Colleague: 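First the structure, which I've put down as structure tokens, then a few questions once you've had a look.
Each ligand, and each atom within it, is numbered from 1 in the order the structure gives. All figures in this text were calculated on a predicted structure; none of them were measured in a lab. The first residue in the sequence is number 1, and the count goes up from there.
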Amino acid sequence: MKNAKAIKSKKIILFNQKQMCCGCEACVSACTKQAIAMESDDYGFLYPTIDKELCIFCGICKKVCAFQNVFEGNEPKVCYVACNKNEKQLGISSSGGAFSAIATDFLENGGVVFGATLDKESNNKTDGERELVPKHIAIHELKDMVKLQGSKYVQSHIGDTYKEVKNYLLAGRRVLFSGTPCQIAGLKAFLHKKYEDLLTVDIICHGVPNADFFKTYLSLLEKEMGGKIIDFEFRDKTKGWKSMIGKATVKMKWGGVKTKTVYGDESSYYNLFLKGLILRESCYECKYACRNRPADITIGDYWGIEHEHSEILSDTKGPYSVEKGISCIIVNTADGIKWIQKNRIRLHLVESTFEKIGHKNGNLYHPCTKPQTWKNLMDIYSKEGYIGVDKYFYKKMGMQIYFKKIKNCIPRNLKNAIKNYVKSS
Ligand SMILES: Cc1cc2nc3c(=O)[nH]c(=O)nc-3n(C[C@H](O)[C@H](O)[C@H](O)COP(=O)(O)OP(=O)(O)OC[C@H]3O[C@@H](n4cnc5c(N)ncnc54)[C@H](O)[C@@H]3O)c2cc1C
């Protein structure tokens with residue numbers, strides 16, 4: 001009786017304010033009693049909640065919280081402009097294919113690669129329909145790498161992958177784990193010690209919207225198209241690396257398959273993401289949006305390459321092309337340096353600096369600023385769901401949306417010709 005009373009009065013508080021939890025799931029993974037689960041708040045973001053009946057108050061969940069405990073990141077050691085030498089891999093990557101070059105090395109040498117995918121999960125409906133769920137998975141073969149390639153601009157669910165990483169490492173396998181910097185910090189806090197066979201890669205991260213926004217956004221697109229979305233690419237490079245264009249593949253009711261180009265400036269989800277208006281609260285306070293990174297290697301888009309390294313673009317026959325995509329690589333640890341030295345064969349590399357990479361990539365210095373409209377948008381979501389957010393976007397855009405739609409229909413060479421004419425007259 002005394003014991004039960006004592007337990008009732010005990011309490012573990014994982015965080016005091018929402019911005020103190022990045023949703024990396026290290027606490028969920030570390031709990032030996034499976035007492036913690038991720039649950040959605042009114043705004044659709046997932047937060048850990050503790051089942052008091054199962055909790056033994058050991059406090060491990062608090063200890064592994066990398067976001068709240070002292071975080072000592074690495075200092076950048078060497079930086080590069082990078083481009084994958086394999087044209088096929090480059091074509092389906094969002095930037096210059098740095099990730100697939102690194103992953104290929106692991107997969108060809110018996111390693112395991114972890115990263116984010118849009119998994120086709122059954123939605124429990126009897127018709128066997130599947131929906132695209134952003135989550136981390138492990139792959140073992142090169143043929144599966146396409147699942148991890150390409151940016152998914154939505155928070156990816158970690159699930160059991162931290163535990164799987166540990167099991168593979170204990171079994172002596174080489175592991176590459178890629179993700180947002182908070183996911184890398186979460187993994188490292190969970191593992192609690194250094195493993196020789198683990199290489200980590202974080203992406204320069206702008207912040208993440210939640211999976212529920214994305215799911216409802218896709219269902220709105222499905223209504224518009226009259227079919228089921230079976231694949232979604234956030235960065236389709238057919239109109240060039242810099243065009244923020246996505247592609248939805250839709251299975252139509254009559255059986256055929258259609259694709260729809262999703263323009264970043266006229267899609268509510270994409271536009272609100274790019275403007276940083278619908279991100280997780282912790283993203284606006286991100287402690288990894290700085291030069292001290294948790295991973296061995298940081299990768300991102302080399303925005304501003306024309307100004308920072310115009311010399312490599314002047315050779316039009318050279319490997320670096322703003323049409324095909326260019327990566328930046330920041331090597332943060334001795335392990336990262338070792339990897340780059342061993343694998344130069346897979347990448348075209350030119351040395352650069354952190355400052356040059358950071359000129360047009362503000363998230364290397366600071367998180368996105370939380371906009372005034374954030375709360376307004378979240379309140380709309382909690383009352384009306386993402387449909388309300390979508391309506392708000394179109395109302396705000398007003399006539400602009402029609403101009404954007406017309407602009408996006410004009411072929412690129414005609415657009416350039418008009419620009420040149422206006423400039424010369
Ligand atoms: C939410 C988000 C915000 C980003 N913000 C910026 C930015 O501000 N500036 C910038 O330069 N680059 C940003 N990037 C990174 C950029 O879009 C590319 O993903 C990166 O340059 C890698 O490109 P790649 O060609 O090497 O490989 P790709 O094959 O294009 O990328 C695959 C890699 O991205 C990881 N990944 C994809 N989606 C997610 C996700 N949802 N969560 C965790 N990991 C994911 C995969 O695990 C894999 O490691 C962002 C990416 C994401 C997912």
Side-chain angles (χ1 to χ4, degrees), residues 22-25 80-84 86 88-104 106 113-119 132-139 145-158 161 176-187 199-211 213-214 232-237 241-242 244 246 264 269-270 273-276 278-280 283 286 288-289 295 297-305 324-330 346-347 357-368:
C22 61
C24 74
E25 302 180 43
Y80 296 102
V81 182
C83 182
N84 195 321
N86 179 326
K88 214 171 145 200
Q89 288 187 350
L90 173 62
I92 47 177
S93 303
S94 294
S95 311
F99 164 73
S100 42
I102 303 173
T104 301
F106 277 74
V113 175
F114 286 82
T117 191
L118 287 181
D119 202 36
L132 300 176
V133 178
K135 64 195 274 197
H136 260 63
I137 58 162
I139 60 159
M145 193 155 65
V146 62
K147 294 181 184 171
L148 306 188
Q149 281 180 279
S151 305
K152 292 95 193 167
Y153 293 134
V154 52
Q155 185 156 32
S156 152
H157 178 42
I158 285 295
T161 52
L176 168 66
F177 191 94
S178 66
T180 57
C182 57
Q183 290 169 335
I184 304 300
L187 169 69
L199 188 83
T200 51
V201 171
D202 64 28
I203 49 176
I204 302 175
C205 184
H206 171 81
V208 283
N210 69 51
F213 295 170
F214 181 59
F232 191 90
E233 285 169 50
F234 281 89
R235 299 270 297 271
D236 174 19
K237 290 199 279 194
W241 161 53
K242 288 183 175 175
M244 282 299 184
Y269 183 88
Y270 213 154
F273 162 73
L274 289 173
K275 289 192 175 141
I278 51 168
L279 308 179
R280 190 182 176 92
C283 297
C286 180
Y288 314 110
I297 296 174
T298 296
I299 56 175
D301 287 290
Y302 205 129
W303 300 134
I305 186 79
K324 294 179 182 170
I326 301 174
S327 287
C328 57
I329 293 185
I330 303 165
R346 296 184 201 283
L347 286 164
I357 293 172
H359 273 160
K360 286 267 172 345
N361 228 327
N363 292 109
L364 280 173
Y365 292 105
H366 52 76
C368 287

Colleague: Among all protein heavy atoms, pick the one closest to atom 39 (C) of ligand 1 and tell me residue, atom and distance.
Modeller: A116 CB, 3.4 Å
Colleague: Tell me which protein heavy atom sits closest to atom 1 (C) of ligand 1, plus the residue, atom name and distance to 0.1 Å.
Modeller: G207 O, 3.5 Å
Colleague: Considering only heavy atoms of I299, which atoms of ligand 1 have at least one such atom less than 4.0 Å away?
Modeller: 22 (C), 26 (O)
Colleague: How about K237: does its NZ atom have over 12 heavy atoms from other parts shown lying under 6.0 Å from it?
Modeller: yes
Colleague: Would you mind checking which non-hydrogen protein atom is closest to atom 30 (O) of ligand 1, with the distance to 0.1 Å?
Modeller: S94 N, 2.6 Å
Colleague: Determine yes or no for a side-chain-to-main-chain donor-acceptor pair under 3.5 angstrom, with K152 supplying the side chain and P134 the backbone.
Modeller: no
Colleague: Residue-level breakdown please: for V201 versus ligand 1, do any non-hydrogen atoms fall below 4.0 Å on the side chain, on the backbone, on both, or on neither?
Modeller: neither
Colleague: With side chain to side chain contact (heavy atoms under 4.5 Å, CB included) as the criterion, how do I326 and D301 come out once you've worked through the C-alpha distance, each side chain's angles and the decisive distance to 0.1 Å?
Modeller: CA-CA 6 Å; I326 301 174; D301 287 290; over 6 Å; no
Colleague: Taking non-hydrogen atoms only, is V154 closer than 4.0 angstrom to ligand 1 via side chain, backbone, both or neither?
Modeller: backbone
Colleague: How does D301 reach ligand 1, by side chain, by backbone, by both or by neither, if only non-hydrogen atoms under 4.0 Å count?
Modeller: both
Colleague: If only atom types and distance count, is the side chain of H206 paired as donor or acceptor with the main-chain N or O of P367 below 3.5 Å?
Modeller: no
Colleague: Can you tell me how far OH of Y288 sits from SG of C24, rounded to the nearest 0.5 angstrom?
Modeller: 7.0 Å
Colleague: Examine the side chains of Q89 and N84 and answer whether a donor and an acceptor come within less than 3.5 Å of each other.
Modeller: yes
Colleague: With sequence neighbours excluded, what pairs up with D236 under the side chain to side chain donor-acceptor pair (under 3.5 Å) test?
Modeller: T238
Colleague: Would you say S94 and S151 are linked by a side-chain donor-acceptor pair, where the criterion is simply a distance under 3.5 Å?
Modeller: yes
Colleague: In the protein, which heavy atom is nearest to atom 51 (C) of ligand 1, and how far is it?
Modeller: I203 CD1, 3.4 Å
Colleague: Heavy atoms only: which of A82, G150, S95 lies closest to atom 29 (O) of ligand 1?
Modeller: G150
Colleague: Output yes when a side-chain donor or acceptor of H136 lies under 3.5 Å from a complementary backbone atom of S178, and no otherwise.
Modeller: yes
Colleague: Of all the atoms in ligand 1, which lie at a distance below 4.0 Å from a heavy atom belonging to G300?
Modeller: 11 (O), 12 (N), 21 (O)
Colleague: Mark up the atoms of ligand 1 that fall under 4.0 Å of a heavy atom belonging to Q149, in ascending order.
Modeller: 29 (O)
Colleague: When you measure from the side chain of E25 to the backbone N and O of L187, does any donor-acceptor pair fall under 3.5 Å?
Modeller: no
Colleague: Which heavy atom in G207 sits nearest to a heavy atom in C283, and how many Å separate them?
Modeller: CA-SG, 3.7 Å
Colleague: Less than 4.0 Å is my threshold; does some heavy atom of P134 fall inside it relative to ligand 1?
Modeller: no
Colleague: Can you name the atoms of ligand 1, numbered from 1 with element, that are less than 4.0 Å from a heavy atom of G115?
Modeller: 47 (O)
Colleague: Which heavy atom of the protein is the closest neighbour of atom 13 (C) of ligand 1, given with residue, atom name and distance?
Modeller: I204 O, 2.8 Å
Colleague: Taking atom 44 (N) of ligand 1 as the point of reference, which of G179, S93, G325 owns the nearest heavy atom?
Modeller: G179
Colleague: Return the orientation label for the F214 and F232 ring planes: parallel under 30°, perpendicular over 60°, tilted otherwise.
Modeller: perpendicular
Colleague: At a 4.0 Å threshold, what atoms of ligand 1 neighbour a non-hydrogen atom of G96?
Modeller: 25 (O)
Colleague: Check each atom of ligand 1 against the heavy atoms of R235 and keep those under 4.0 Å away; list them by number with element.
Modeller: 17 (O)
Colleague: State the NE2-OH distance between H359 and Y302, to the nearest 0.5 angstrom.
Modeller: 9.0 Å
Colleague: Run the numbers for me: atoms of ligand 1, each under 4.0 Å from some heavy atom of V208, listed by number.
Modeller: 1 (C)
Colleague: Write out the residue and atom name of the closest protein heavy atom to atom 43 (C) of ligand 1, then the distance separating them to 0.1 Å.
Modeller: Q183 OE1, 3.4 Å
Colleague: Using the ring centroid of each side chain, check whether F213 and Y269 are separated by less than 6.0 Å.
Modeller: no
Colleague: Considering only heavy atoms, does Q155 approach ligand 1 within less than 4.0 Å through its side chain, its backbone, both, or neither?
Modeller: neither
Colleague: Give the numbers and elements of all ligand 1 atoms closer than 4.0 Å to a heavy atom of L148.
Modeller: 32 (C), 46 (C), 48 (C)
Colleague: I need the nearest protein heavy-atom contact for atom 3 (C) of ligand 1: residue, atom name and distance, please.
Modeller: H206 N, 3.6 Å
Colleague: Nearest protein heavy-atom contact for atom 2 (C) of ligand 1: which residue, which atom, what distance?
Modeller: Y153 CD2, 3.5 Å
